[in-house]
Engineer: 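For reference, the structure I am asking about is given below.
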Amino acid sequence: MNCSGAVNDYIEGAKGVACEILDLVVEGLESETSLHLAMLRINYCPPSMNKIKQSTWDWDMDPCATSSSKLGNTNNAIGFGEHSDPQILTIMRSNDVAGLQATTHHGIWFTVPPDPPHFFIMVFTNGRFRSMRHRVLTNTLKARISMMYFGAPQLNW
Ligand SMILES: O=C(O)CCC(=O)C(=O)O
Ligand SMILES: [Fe+2]
């Protein structure tokens, strides 16, 4: 299969998952909408030799960081700054390089361990579920590659 065929297959699969999740969300909110817009983005976060620590993350104190995910995650440079995704739903898949962190509503950061065969899904709806802030710290040895499928409902929802 060529690259565009593989990407299209991936988009179709992600769309199916996104529609099922969105159906469950709107059922819970007693509202109605469907997936209207979607975007696939591939992020490449190159290894960084930046010596300036841009965050004070202590990988040794991180209960979610495995020994392999700590490898090379020492400089704490920011690869992708803190933000919330604007769409309602994100389906993420990455290679095995750690770096993604999310914060609880109390401002406590935690690492999302990289798990290549699995997907990490974030669902947001204004007000009812609060959108999760997240960021990516760079690795000094390896590039982090992630594939993000963003799904949005109709704008007037
Ligand atoms: O690379 C990641 O794991 C996260 C990237 C991200 O948050 C985004 O593309 O919105
Ligand atoms: Fe994001």
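Quick caveat, the model's predicted, so the values are computed rather than measured. Read the numbers this way: they start at 1 and go in the same order the structure lists the ligands and their atoms.
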Engineer: Tell me if a side-chain donor or acceptor on Asn2 pairs with a main-chain N or O of Gly5 at a distance below 3.5 Å.
Structural biologist: yes
Engineer: Between Trp109 and Arg135, is there a cation-pi geometry (under 6.0 Å to ring centre, at most 45° from the normal)?
Structural biologist: yes
Engineer: Apply side chain to side chain contact (heavy atoms under 4.5 Å, CB included) to Ile78 and Thr138, showing your working.
Structural biologist: CA-CA 6 Å; Ile78 305 283; Thr138 59; over 6 Å; no
Engineer: As a test of understanding, state which of Asn43, Leu100, Asn139 forms a side chain to side chain contact (heavy atoms under 4.5 Å, CB included) with Arg144.
Structural biologist: Leu100
Engineer: Is a side-chain N or O of Thr111 found less than 3.5 angstrom from the main chain of Pro113, in a donor-acceptor match?
Structural biologist: no
Engineer: At a 4.0 angstrom heavy-atom cut-off, what protein residues surround ligand 1?
Structural biologist: Arg41, Asn43, Phe80, His83, Asp85, Leu100, His134, Val136, Arg144, Ser146, Met148, Phe150
Engineer: By the definition side chain to side chain contact (heavy atoms under 4.5 Å, CB included), identify the one residue from Asn8, Asp9, Val7 that meets it with Met1.
Structural biologist: Asp9
Engineer: Give, for atom CD1 of Ile108 and atom CZ of Phe110, the distance between the pair rounded to the nearest 0.5 Å.
Structural biologist: 10.0 Å
Engineer: Enumerate the protein N/O/S atoms at a distance below 2.8 Å from the Fe ion (ligand 2), ignoring waters.
Structural biologist: His83 NE2, Asp85 OD1, His134 NE2
Engineer: Report yes if some heavy atom in the side chain of Ile91 is under 4.5 Å from a heavy atom in the side chain of Val17; otherwise report no.
Structural biologist: yes
Engineer: Does any part of the side chain of Tyr149, heavy atoms only, come nearer than 4.5 Å to the side chain of Met92, both counted from C-beta?
Structural biologist: no
